[in-house]
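Okay, so here's the structure we're looking at.
What you are looking at is a predicted structure, and each value in this text was computed from that prediction instead of being measured. FYI, side chains are in, hydrogens and waters are out, and symmetry mates aren't considered; it's all heavy atoms of this structure.
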Amino acid sequence: AVGVRSSAVARLGRWRGRGRRSLRHPGSRSWSSAGASTRRTSDASGIFGWFAACVPVACLGDDALLRGAAWRVLWRRLGGLRRRRDLPAMESDTKVMILRLFGDARLPAMPEALLHEDALEGAGFGGVADFVTCTDLPEKAHVLQGSLPSDTPLRFLRPPGDEPWQFQFFATERHLLSYVSHLRRRGQGDRLVMYVDAWDTVWLGCRRNLTRVLEALGRPMFFGAEFDLYPAGLPGYPAAVTEYTNRGLEYCREFRSVGSRWEDNPTEEHQPCLAVSFVDPIRATGRIELNQANGMYLNGGVYGGKASELEIALRRLLSKQALLRTESPQMPGRVFQTDGRTHQFMWNQYLLDRPEQVSVDFGGAFVVNLATRSVAPRQFMLDKKTGMIWSEVFQRPVCIAHANGGGFADSTLDLLHAARTFRFDTTVNAGLVVEDMGRFADRGLYVDQEKQDRIVVDSSICFGPLDPMPGWRGIMSQVNMITPHNEAGFEGMWFFAARPKEHREGEPQAFEVGAVQHMPIVTRKGVPRPRRRNGTAWFEGRNRFEIHYFNLPVGPGECLGWRCYGRCDVTFADLPKDQLAKQRLGQVPAGVWQGAGADLIKGQTIRLDKWRPHIHGVGVIAELTGVDFYSTAESGRDER
């Protein structure tokens with residue numbers, strides 16, 4: 001699809017001697033009658049005319065060559081100019097998009113790669129699907145291989161013999177074509193076959209019927225879903241005319257500014273749904289989420305479908321891939337024809353050209369791609385009754401986790417695998433949990449109306465152990481609060497980790513300062529104050545700070561503290577008397593400790609001299625970065 005400005009459109013009209021209907025935007029119904037027109041119908045990009053041009057596939061990868069070929073076709077076919085010297089100079093802002101790459105030609109004949117005999121032994125039998133992978137280092141697939149059910153072997157697609165070979169992108173497709181063709185010829189064309197990346201995937205033990213999941217998608221093939229379109233739009237990879245569609249699916253979870261992490265009635269786990277990701281650092285009730293994305297784009301790390309349909313798609317894909325150029329001026333030092341980005345680009349375009357054959361795995365029923373919007377440990381949970389790992393983004397148990405992103409999500413994949421194996425959760429809570437905020441507010445709350453610079457530590461917001469692990473490490477990720485208004489006022493709030501020291505009756509309470517936030521949180525001014533007389537009230541405001549950006553390490557025994565320069569709309573209730581009655585000698589008394597504001601430096605000791613019998617409507621979530629298999633005493637190391 002070639003987009004040119006009005007001057008070129010007018011010249012085309014004059015050369016042709018007559019005007020034809022112009023295209024307002026590529027993909028419109030008037031593509032079949034593409035032509036020149038002097039009528040100015042610009043779109044948002046400033047282009048005044050769109051035209052279709054058929055150019056060689058080998059032009060992909062060289063943006064200048066692609067534009068030049070399309071420009072020449074445009075003037076020769078519509079302008080009637082045959083000699084190169086008659087062609088006008090190409091406009092610098094000529095736009096090119098991909099209209100279609102995979103047409104309706106007869107299914108091409110492609111040579112099939114020879115497979116090792118181990119790959120075909122028992123093919124089509126065992127488990128609900130055939131899980132296959134392709135790698136020249138099979139020993140690095142031990143995590144995936146060991147995590148699959150005992151009746152589901154992992155099949156390695158590789159050349160015959162024991163000679164060494166080197167993996168390249170599209171080698172998977174060549175070997176997979178041989179495998180699915182073998183199944184189809186044996187009458188197993190309806191067999192579900194799933195390709196899984198060898199090194200960066202793990203089976204997390206869901207109990208879904210995968211055949212039923214494929215039927216619910218309504219397409220015979222699927223690809224894993226991610227939240228970002230890649231690499232279309234980058235140099236060498238023109239964007240497509242056709243846009244992705246979410247097919248009008250319902251969302252996997254409701255749109256809530258601040259609410260429970262888990263739906264009471266999520267979409268049935270076999271049915272597709274549209275995942276949405278929220279990433280605004282400050283969220284509050286009554287506030288519209290600004291930065292969100294839908295999980296509707298393709299990722300090529302895990303895909304599959306019926307063997308006969310995979311064979312059709314693979315033949316078409318490989319026939320086009322063979323025509324691609326090897327070198328690209330946009331990618332010096334890399335082989336465009338076999339590059340990983342080219343692999344993703346070609347499959348993306350196949351999906352757009354063949355939507356009746358291929359679907360994105362809406363709802364993550366097959367695979368959860370971790371990067372970049374589902375990479376945080378706080379977005380998962382261990383169901384201790386079933387031992388399955390649940391995804392907060394997709395609101396269902398995870399079957400396969402894939403650490404896409406070139407190593408970006410490897411640590412999260414390792415953590416999820418360990419969490420499932422040793423049955424521990426991926427987060428630790430301190431203080432009030434979101435699900436209990438309504439009941440806590442029913443008690444009647446006060447608002448902190450102090451204005452002076454102060455430091456506050458609430459001993460009810462301290463982290464405990466992580467069952468069943470002897471120790472853990474993490475970073476503070478989210479702070480959730482009950483606030484007097486939908487949008488609360490915070491005039492400089494610093495969070496930090498505080499480790500209480502032994503309490504001595506009649507003396508200020510000492511805390512060792514841990515990690516400290518490197519800059520204060522300041523929200524917009526002008527938020528109205530609550531009524532002056534500070535009586536108990538039921539507050540419906542909720543506020544959430546995403547503080548993982550500050551990378552505040554924390555561990556068991558540490559508490560959440562904060563320094564506030566002035567106004568901070570934090571709510572609190574009276575401390576129940578039964579909590580004071582449980583006090584033990586040397587233990588920090590339950591309640592809130594407060595002192596004058598001062599600079600916070602990691603490792604220093606602060607002493608807070610004011611104690612109040614309060615408990616704040618505040619909770620914090622820490623996401624794990626590691627676990628210990630030995631207690632502090634056994635390991636002999638400092639617990640910090």
Side-chain angles (χ1 to χ4, degrees), residues 147 194 196 200-210 212-219 222-229 244-256 259-279 289 291-299 301-304 359-383 386-405 408-409 412-413 415-417 419-420 425-427 434 477-478 621 623:
S147 65
M194 293 180 55
V196 187
D200 56 4
T201 57
V202 65
W203 174 263
L204 292 179
C206 76
R207 300 174 184 174
R208 277 192 288 279
N209 184 320
L210 299 182
R212 183 178 166 192
V213 171
L214 186 65
E215 292 174 351
L217 286 175
R219 308 289 190 275
F222 77 91
F223 278 82
E226 64 180 24
F227 290 88
D228 303 292
L229 179 59
Y244 271 80
T245 174
N246 59 27
R247 293 168 53 180
L249 295 171
E250 65 178 25
Y251 286 99
C252 299
R253 54 179 173 171
E254 293 184 18
F255 283 81
R256 298 189 185 96
S260 172
R261 296 170 61 199
W262 306 102
E263 296 291 334
D264 294 331
N265 298 298
T267 304
E268 202 277 326
E269 63 175 309
H270 292 86
Q271 298 300 315
C273 61
L274 185 62
V276 62
S277 169
F278 306 112
V279 293
E289 187 69 29
N291 191 348
Q292 64 189 45
N294 295 329
M296 54 189 285
Y297 301 106
L298 175 149
N299 179 275
V302 177
Y303 66 91
S359 173
V360 169
D361 177 25
F362 292 107
F366 283 106
V367 57
V368 172
N369 291 298
L370 301 181
T372 57
R373 302 276 186 140
S374 188
V375 72
R378 70 180 180 278
Q379 295 172 310
F380 298 91
M381 176 196 73
L382 173 74
D383 185 335
T386 64
M388 292 187 288
I389 301 293
W390 280 64
S391 165
E392 178 187 355
V393 173
F394 295 100
Q395 294 290 309
R396 60 189 52 177
V398 181
C399 288
I400 300 172
H402 174 219
N404 59 314
F408 180 74
T412 301
L413 184 76
L415 177 66
L416 295 177
H417 184 213
R420 186 217 172 191
D425 209 342
T426 59
T427 59
V434 174
S477 179
Q478 285 182 349
I621 298 175
E623 57 184 58

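- No side-chain donor-acceptor contact under 3.5 Å links S147 to the backbone of V202.
- Q478 CD to R261 CZ: the interatomic distance, rounded to the nearest 0.5 Å, is 7.0 Å.
- Using a 30° and 60° split on the angle between ring planes, F222 and F366 fall in the parallel class, below 30°.
- When atom types are taken as modelled, the side chain of T426 and the backbone of P377 share a donor-acceptor pair closer than 3.5 angstrom.
- A 4.5 Å side-chain heavy-atom check between W203 and R420 finds at least one atom pair inside the cut-off.
- No side-chain donor-acceptor contact under 3.5 Å links H270 to the backbone of A216.
- For D361 against A225, the heavy-atom pair with the smallest separation is O-CB, 3.7 Å.
- The shortest non-hydrogen separation linking C273 to Y251 is CB-C, 4.3 Å.
- Screening N299, T372, N369 against E226 for a side-chain hydrogen bond (donor to acceptor under 3.5 Å, both in side chains) leaves a single residue, N299.
- When all heavy atoms of W390 and V398 are compared, the closest pair comes out as C-CG2, 4.2 Å.
- For the pairing with E269, the side-chain hydrogen bond (donor to acceptor under 3.5 Å, both in side chains) check across R207, R396, R208 returns one residue only, R208.
- Interatomic distance, SG of C206 versus CD1 of I400, reported as 8.0 Å (0.5 Å rounding).
- In this structure, the side chains of D200 and H402 come closer than 4.5 Å at one or more pairs of heavy atoms.
- Of all the heavy atoms in A401 and L416, the pair that sits closest is CB-CD1, 4.3 Å.
- Between the side chain of N404 and the main chain of A371, a donor-acceptor pair closer than 3.5 Å is present.
- Side chain of Q379 to backbone of R373: a donor-acceptor contact under 3.5 angstrom is found.
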Evaluate side chain to side chain contact (heavy atoms under 4.5 Å, CB included) for Q395 paired with T267, printing each intermediate quantity in order.
CA-CA 8 Å; Q395 294 290 309; T267 304; over 6 Å; no
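- Side-chain atoms of S359 and R247 form a donor-acceptor pair, as typed in the model, at a separation below 3.5 Å.
- Across all their heavy atoms, A419 and L382 have their closest contact at O-CD1, 4.2 Å.
- Using a 4.5 Å heavy-atom threshold, the side chains of C399 and L210 count as touching.
- Checked for salt-bridge contact, R378 and E623 meet the test: a charged N lies under 4.0 Å from a carboxylate O.
- A salt bridge links E392 to R253: one of the charged nitrogens lies within less than 4.0 Å of a carboxylate oxygen.
- The shortest heavy-atom contact between P272 and L217 is CB-CD2, 3.9 Å.
- Side-chain contact between S374 and F380 is present, with heavy atoms from C-beta onward closer than 4.5 Å.
- The aromatic rings of Y244 and Y297 sit perpendicular, their planes meeting at an angle over 60°, well past the 30° parallel limit.
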